[in-house]
Amino acid sequence: MPEAVDAVEMQAALSRLRRTSGLPVVFGGLLTDARHARIAELNGAQTSALRGLVISAGSGLGGKAIALSRPCAVTDYPAARHISHEYDAAVAAEGLRSVVAAPVVVRRAVRGVLYGALRTPVTLGERTFDAVVAAARDVEQSLAVRDSARQLLAAGRERVSDPDAVPGAWEDVREAHRDLRALVPRVVDPALRDELLEVCGRLASASGARASPAREVRLAPREVDVVACVAAGATNAAAAERLGLRPETVKGYLRSAMRKLGAHTRLEAVVAARRAGLLP
């Protein structure tokens with residue numbers, strides 16, 4: 001499962017990079033251990049020479065980027081003097097000349113490497129260089145979100161098992177629910193997103209609250225997110241920052257949620273949402 005999610009993140013970043021930068025070839029892969037990355041995703045390649053190539057830290061351009069934890073570039077790969085040339089045959093088979101490699105670094109640990117390349121020996125402009133670095137940052141953020149989601153899922157399942165076992169645990173349940181819901185819109189992989197929502201639902205119903213069929217309330221996902229933030233005491237501005245929305249948008253979601261819940265105040269909305277089994 002994690003490997004499949006990682007592939008989704010890398011594929012999405014490479015597709016955006018090629019579209020926005022105009023680079024004819026982009027490729028990359030994640031580390032399989034502390035010192036080796038495997039090139040698993042390619043976009044624009046004309047051969048399979050690069051696919052499956054294992055890059056060792058310190059070797060070639062990508063290995064140099066991994067070892068130094070910073071982007072590296074060459075104008076003409078075959079003639080470059082400041083890199084080793086273990087991978088020249090694969091690079092030549094694809095016809096690559098000007099190449100930039102950017103490491104994917106999550107919490108100070110290199111997790112992969114992403115490349116952009118031209119088939120002509122020209123100096124890469126600052127805009128192209130920055131685009132490759134930005135794509136690596138996209139992967140970093142996606143992996144960080146995935147890591148956080150996995151940690152919160154584990155914590156959420158523990159909270160669901162017996163929320164009354166530890167004094168004050170209900171606040172932990174509510175915090176886990178709120179954090180998980182805030183992550184959902186940022187997760188690329190649909191299977192992981194569904195898993196997050198499933199645990200959110202179990203957390204929300206952990207109190208045993210059930211709405212009667214005649215009074216069943218249905219809120220849009222973002223309406224639930226906003227009410228969850230309000231339950232934690234967040235202002236509209238704080239909720240907006242947490243959820244990546246505009247304060248005016250948060251205000252609109254809250255107004256809509258209050259109308260559906262039959263609430264006249266923020267506190268009434270939180271109480272009604274808990275009674276309806278929408279919040280823990």
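To the nearest 0.5 Å, the span separating CD on Glu86 from OG on Ser59 amounts to 4.0 Å. Interatomic distance, Arg19 CZ to Arg16 CZ, rounded to the nearest 0.5 Å: 7.5 Å. A distance of 5.5 Å separates CG of Leu23 from CG of Leu118, quoted to the nearest 0.5 Å. To the nearest 0.5 Å, atom CG of residue Leu42 and atom OG of residue Ser48 are 9.0 Å apart.
With respect to the salt-bridge test (charged N to carboxylate O, under 4.0 angstrom), the residues Lys260 and Glu223 qualify. A salt bridge between Asp225 and Arg222 is present, with a side-chain N of the basic residue lying under 4.0 Å from a carboxylate O of the acidic one. A salt bridge is defined here as a Lys NZ or Arg NE, NH1 or NH2 lying under 4.0 Å from an Asp or Glu carboxylate O, and Arg137 with Glu140 meets this definition.
The environment of Glu268 atom CD is dense: over 12 non-hydrogen atoms of other residues, nucleotides or ligands sit within 6.0 angstrom. Heavy-atom contacts from other residues, nucleotides or ligands closer than 6.0 Å to CD of Glu126 number 12 or fewer. The environment of Arg35 atom CZ is sparse: at most 12 non-hydrogen atoms of other residues, nucleotides or ligands sit within 6.0 angstrom.
Under the 4.5 Å side-chain heavy-atom criterion for ILVMFWY residues, no single connected hydrophobic cluster contains both Ile55 and Val106. Neither Leu17 nor Leu50 shares a network with the other; the hydrophobic side chains, linked directly or stepwise wherever heavy atoms of I, L, V, M, F, W or Y lie under 4.5 Å apart, form separate groups for each. Leu31 and Val104 fall into different hydrophobic clusters, where Ile, Leu, Val, Met, Phe, Trp and Tyr residues are linked whenever their side-chain heavy atoms come under 4.5 Å apart, directly or through other members. Hydrophobic clustering (side-chain heavy atoms under 4.5 Å, transitive across Ile, Leu, Val, Met, Phe, Trp, Tyr) groups Val230 together with Leu261.
Residues Val227 and Ala257 come closest through the heavy atom pair CG2-CB, 3.8 Å. What you find for Pro247 and Ala240 is that their closest heavy atoms are N-CB, 3.6 Å. Annotation for Pro221 and Arg181: closest pair O-NH2, 3.1 Å, computed over non-hydrogen atoms. Nearest heavy-atom pair, Ser98 versus Val122, reported as atom, atom and distance to 0.1 Å: OG-O, 2.8 Å. Considering all non-hydrogen atoms of both residues, Ala101 and Ala65 come closest at O-CB, 3.8 Å. Of all heavy-atom pairs between Ala269 and Ala263, the closest is N-CB, 3.4 Å.
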For this session: Please lay out, stage by stage, how Asn236 and Arg266 fare under the test side-chain hydrogen bond (donor to acceptor under 3.5 Å, both in side chains).
Result: CA-CA 11 Å; Asn236 288 354; Arg266 297 163 73 91; 2.9 Å; yes

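In this structure, Ser84 and Lys64 have side chains that are not in contact, with every pair of non-hydrogen atoms separated by 4.5 Å or more. Between Val91 and Pro78 the shortest side-chain heavy-atom distance does not fall below 4.5 Å. Val25 has its side chain out of reach of Asn43: every pair of non-hydrogen atoms, C-beta onward, lies at least 4.5 Å apart. Proximity of Arg38 to Leu30: side-chain heavy atoms (C-beta onward) are nowhere separated by under 4.5 Å. Contact check for Val100 versus Phe129: side-chain heavy atoms found under the 4.5 Å cut-off. Annotation: side chain of Leu143 is in contact with side chain of Arg111 (closest heavy-atom distance under 4.5 Å). With a 4.5 Å cut-off on side-chain heavy atoms, Arg97 and Thr120 do not count as touching. Residues Val132 and Val26 form no side-chain contact, since every pair of their non-hydrogen atoms from C-beta on lies 4.5 Å or further apart.
Using the six-membered ring where Trp is involved, Phe27 and Tyr115 have ring planes that are parallel, under 30° apart on the 30 and 60° scheme.
Just one residue in the list Gln46, Arg119, Arg51 forms a side-chain hydrogen bond (donor to acceptor under 3.5 Å, both in side chains) with Glu94, and that residue is Arg119.
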